[in-house]
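These notes are about the structure you will find just below.
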Amino acid sequence: MRKGLRLTSILLVFTLLLLLGVRWAERENRLNLAQARIDNSGLVDSVEIAEILKPCFGRSLLKLDTDSLQSRLLAIEGVDSVSIRIRYPDTIVISMATRRPAAILAYSSGLIPVTLCGDHLPVEWGNDQLPVINIEGDPEVEIISSALDLLIKRELNDSVLIQVSSREIVVTDKGIRIILDPGRAAENWFRWRSIGTMITDRTDEVDLRYHDQAVLRSTEET
């Protein structure tokens, strides 16, 4: 019985000393944020991150609202997820997961980098190495996604040009325009690969939007 009381007393004294020590460290500014390590920020603008973190420096880590900080970082365009770890006495570690540009959508108004799913990314994330899809008018998101899927997953080479409109996807391959149904783009493309070697030099356009048919056209006919 006495042994248990003694152990309890020791734990209470230790806890009290720990609390007093923490309180002293906070009063002496020993727990203020002085360093922030950013992992996996990718192409995210470091200046934008710095502006969000700036008000946090010099403030006690015990009073840091990590949920609010996480929300502000998640609001940065191109950021998918954020986790924040506190490393006492004066450091936080921020780990990010960011989206990656898969292609460029070329609108009449300008170029927009997008992910494989078609999500828009900051213009600065674009580069000359990304494949380009030309956009006419204002096609539905599903049509653009279908074109992206065709471009990336089917690994179309650099000589292929892709144009998307509200009703069709047009792939220009070796000078021949192949018109695809957006709802069956992959299926149409496989059909084109199977019949492509049988197309004559006189053919300028192959329309695959009709079930089980390939309509061939030439400039001579038009």
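The residues of the chain are indexed from 1 along the displayed sequence.
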field: Smallest separation among heavy atoms of S145 and C117, with atom names
entry: OG-O, 3.5 Å
Distance-minimising heavy-atom pair for A185 and L150: O-CD1, 4.1 Å
task: Report whether F190 and Y210 are members of the same hydrophobic cluster (ILVMFWY, side-chain heavy atoms less than 4.5 Å apart, transitive linking).
output: no
Verify same cluster id: I112, L151 (apolar side-chain graph, 4.5 Å): yes
Spacing of Q213 atom CD and L208 atom CG [to the nearest 0.5 Å]: 10.5 Å
message: Quick check on R72: does its CZ atom have over 12 non-hydrogen neighbours (other residues, nucleotides or ligands) under 6.0 Å away?
response: yes
- prompt: Is a side-chain N or O of R177 found less than 3.5 angstrom from the main chain of D204, in a donor-acceptor match?
  reply: no
task: Compare all side-chain heavy atoms of P131 with those of I152 and state whether any distance is below 4.5 angstrom.
output: yes
field: Close side-chain approach of N188 to I179, heavy-atom, < 4.5 Å
entry: no
query: Of the non-hydrogen atoms in C56 and L64, which two are nearest, and what is the gap between them?
result: SG-CD1, 3.9 Å
statement: Closest heavy-atom pair, M96 versus V82, reported as atoms and distance to 0.1 Å, is CG-CG2, 4.2 Å
field: Cluster link V79 to I84, ILVMFWY, side chain under 4.5 Å
entry: yes
message: Do T172 and Q163 have side chains that approach each other closer than 4.5 Å (heavy atoms only, starting at C-beta)?
response: no
query: Could you give the distance from CG (L180) to CD (E168), rounded to the nearest 0.5 Å?
result: 9.0 Å
- prompt: Does V171 share a hydrophobic cluster with W192, counting links as ILVMFWY side-chain heavy atoms below 4.5 Å and allowing steps through other members?
  reply: yes
- prompt: CG/L111 to CG/N134 distance, rounded to the nearest 0.5 angstrom?
  reply: 9.5 Å
message: Tell me the closest heavy-atom pair linking N127 and Q129, and the distance in Å.
response: OD1-N, 2.8 Å
task: Apply side chain to side chain contact (heavy atoms under 4.5 Å, CB included) to the pair I133 and V114, showing each step before the final yes or no.
output: CA-CA 10 Å; I133 295 178; V114 293; over 6 Å; no
message: Filter on side-chain hydrogen bond (donor to acceptor under 3.5 Å, both in side chains), then keep only pairs touching residues 41-51, sequence neighbours left out; what's left?
response: none
- request: Kindly indicate whether the side chain of I52, heavy atoms from C-beta on, has any atom under 4.5 Å from the side chain of I76.
  value: yes
- request: Would you check if R193 and D173 make a side-chain contact, meaning some heavy-atom pair closer than 4.5 Å?
  value: yes
task: Starting at CG of D181, measure out to CD of E187 and round the result to the nearest 0.5 Å.
output: 8.5 Å
message: Using the rule given for side chain to side chain contact (heavy atoms under 4.5 Å, CB included), can you reason through I49 versus L73, listing the C-alpha separation, both sets of side-chain angles and the distance that settles it, and then say yes or no?
response: CA-CA 7 Å; I49 296 175; L73 291 170; 4.3 Å; yes
- prompt: Side chains of L69 and D65: closer than 4.5 Å at any heavy-atom pair?
  reply: no
query: If you group Ile, Leu, Val, Met, Phe, Trp and Tyr by side-chain heavy-atom gaps below 4.5 Å, do I143 and Y107 land in one group?
result: yes
message: Has W125 got a side-chain atom pairing as donor or acceptor with L43's backbone, closer than 3.5 angstrom?
response: yes
query: What distance separates I144 CD1 from I162 CD1, expressed to the nearest 0.5 Å?
result: 12.5 Å
message: Given 3.5 Å as the limit, does a donor-acceptor pair link the side chain of S71 with the main chain of D67, or not?
response: yes
field: Point-to-point distance, once rounded to the nearest 0.5 Å, from CG of L121 to CZ of R99
entry: 7.0 Å
field: Student check: side-chain heavy atoms of I92 and T66 closer than 4.5 Å
entry: no
- request: Give the minimum heavy-atom separation between L61 and R87, together with the two atoms involved.
  value: CD1-O, 4.3 Å
